[in-house]
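To start, the structure itself, in structure tokens.
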2 protein chains.
Amino acid sequence: MESKAFSEQAKTTLARTLAPRVAERTTLVDQVANRIRREIILGTLDPGRHLVEKRLAEDLSVSRGTVREALTRLASTGLVEFSPGSGNRVRYFSDSDIAEIGEVFAALEGRAALHAVLPPSPAAEKELRDIAEQMRGLRLPDDVEELMRLDREFHGTLMNQQPKTKLVEAWQSLESLLAVMMVPIMRRGVGTSDSQADRHLLLVDAAMTGEPELLIKGLEQHYYQM
Amino acid sequence: MESKAFSEQAKTTLARTLAPRVAERTTLVDQVANRIRREIILGTLDPGRHLVEKRLAEDLSVSRGTVREALTRLASTGLVEFSPGSGNRVRYFSDSDIAEIGEVFAALEGRAALHAVLPPSPAAEKELRDIAEQMRGLRLPDDVEELMRLDREFHGTLMNQQPKTKLVEAWQSLESLLAVMMVPIMRRGVGTSDSQADRHLLLVDAAMTGEPELLIKGLEQHYYQM
DNA sequence: TCGGACACGATTGTCCGACAATTAAGTGAA
DNA sequence: TTCACTTAATTGTCGGACAATCGTGTCCGA
């Protein structure tokens, strides 16, 4: 028998999980999707795990339809695998998968770099460095989640330097893949929080040269190192 | 009052819309999603159009839940815009959006080209050329759909030359964006079916040189021309 | 005449319960 | 062990239901 992943109270916590947003309406489906996504990323729900709709619905105290919609959404981002008729499973990513995901991001960010206002404005530079520095203080196994948030924020800031909305959008739609790839990496202990910080600072340096080529090279290395 | 977009018979046609696949089980949701996607791509449902769940459900003779799931899926690919509370609308793409989408694909395919087995095998070359040639015979305004299918097939074949599954996957998850961008282009009359064929043949030539750099350059031009 | 408060209808977000179809698992026989 | 079969679990889809919310048009007061 599988162990319960969502045992505790549900609705109460859910309602405020990531809610302190400005004023954007968050639907229940969003909250459920976020919740499950988090469990997957953190590894509470390990790869291959069968996600049974009814069970999730009960554990989270929502209707099956709501869970279903959330799962559909996760499936579209690639975190969950749908096999018509036989259910949804947490997707498994091999090492080479992870390497490739890195490439996808290198490709997209590299492309964006071509359009970026380089070098970044002083304000942007500061912001980027600040984010990188924040990574330094993290205790690794526990703060994975925070590290990922910072990572997303960093690369997001880097990409938002320029108004290429579609690139940013494509990037965002694949973003949770990035999150998945980070977890095993962290586990493997490949990077301490310090090295993460350093690696990102290198990127800032590359960007500050004002040479798109250098930033692109930097990005490639950044992702290959993982 | 809006004109009906899905007036004719529904279920019967739906069942076999794109079904001649090997043996993959297609759910009703898939069929509905395909159907709506097609209408959007073909322009029957113009940008900004409000997609009312109940209405679609009735027109297609399926339940609202099914439509909802289909819409969710389309939204995740970017074709449909969700605004919690106020409904789903067909997404509008500006010219610059379209240009950017082209860039995304150039980036991904270019990246894939780095890993491709270049030059393609004789078999692959033949297949690519065949596809390109098939474009030649099309009557344009009417055969848009077929042209798009060929285009997808071409680029898909090009990318499948190598086993970089994640790149391919990222590409696929964005594929319908590619489809949307082609329609206005066709309408604008930018390319006759002949020029389409020629442009793709140029890509084959580039690939056959065995030089990844040349293929990448080719891809960039390919998308920029649009 | 114009801006704003209000009421109303349309639509969405979510829930429930139900049922056939399909899949996965367990059982027994060869 | 392996194969065929029965059984239980799960999915795919349906219909209806209801509150919350949104968009819109109406009426009122300035």
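In the text below, chain A, chain B and the rest are named by the order of the sequence lines, each starting its count at 1.
When the side chain to side chain donor-acceptor pair (under 3.5 Å) test is applied to B/Asp130, the partners found at least two apart in sequence or on another chain are B/Lys126. Under the side chain to side chain donor-acceptor pair (under 3.5 Å) criterion, A/Glu133 pairs with A/Arg136, sequence neighbours left out. Residues passing the side chain to side chain donor-acceptor pair (under 3.5 Å) test with B/Glu53 are B/Arg64, B/Arg68, sequence neighbours excluded. Shown here are the side chain to side chain contact (heavy atoms under 4.5 Å, CB included) partners of B/Arg89, two or more places apart in sequence or in another chain: B/His50.
If you measure from atom CZ of A/Arg55 to atom P of D/dT10, you get 9 Å, rounded to the nearest angstrom. When the P atom of C/dT23 is taken as reference, atom CD of A/Glu53 falls 15 Å away, rounded to whole Å. Rounded to an integer number of Å, the gap from A/Leu60 CG to C/dT14 P is 13 Å. Summarising the geometry, the separation between CG on B/Leu28 and P on C/dC19 is reported as 20 Å, rounded to the nearest angstrom. The interatomic distance linking B/Leu71 (CG) with C/dT11 (C1') rounds to 13 Å, in whole Å. As a whole-Å value, the separation of B/Phe82 CZ from C/dT12 P is 9 Å. Taking atom CD on B/Glu69 and atom P on C/dT12, their separation rounds to 16 Å, with Å as the unit. Counting to the nearest Å, the C1' atom of D/dT13 and the CZ atom of B/Arg73 are 13 Å from each other.
For the atom pair CG of A/Leu56 and CG of A/Leu45, the computed distance is 7.5 Å after rounding to the nearest 0.5 Å.
Screening B/Arg73, B/Arg35, B/Arg37 for a salt bridge (Lys or Arg N to Asp or Glu O under 4.0 Å) with B/Asp30, the sole residue that qualifies is B/Arg73. Tested against A/Leu71 for a side chain to side chain contact (heavy atoms under 4.5 Å, CB included), the candidates A/Val32, A/Leu79, A/Val29, A/Asn88 yield a single pass: A/Asn88.
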What are the atom names and distances for every N/O pair under 3.5 Å that joins the protein to nucleotides 4-6 of chain D?
none

Check the interface with nucleotides 16-19 of chain D: list each N/O to N/O pair with the protein under 3.5 Å, or write none.
{"residue": "D/dA17", "atom": "N6", "partner": "B/Arg64", "partner atom": "NH2", "Å": "3.4"}

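Sequence order on DNA chain C of the closest nucleotides to B/Asn88 and A/Arg89 puts B/Asn88 first from the 5' end. Both B/Lys54 and A/Gly65 lie close to DNA chain C; mapped to their nearest nucleotides by heavy-atom distance, the more 5′-ward contact belongs to B/Lys54.
A/Gly87 comes within 4.0 angstrom of sugar-phosphate atoms only, judged by non-hydrogen atoms across all strands, and of no base.
The partner of D/dA19 is C/dT12, by the rule that a Watson-Crick or G-U pair needs both atom distances under 3.5 Å.
Side-chain proximity of A/Thr27 to the nucleotides D/dT10, D/dC22, C/dT14 is greatest for C/dT14. For B/Val52, the listed nucleotide lying nearest its side chain is C/dT11; candidates were C/dT11, C/dA24, C/dC15.
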**Residue pair B/Phe154, B/His222: steps toward the ring pair (Phe, Tyr, Trp, His ring centres under 6.0 Å) verdict** = CA-CA 13 Å; B/Phe154 182 93; B/His222 181 81; 7.3 Å; no
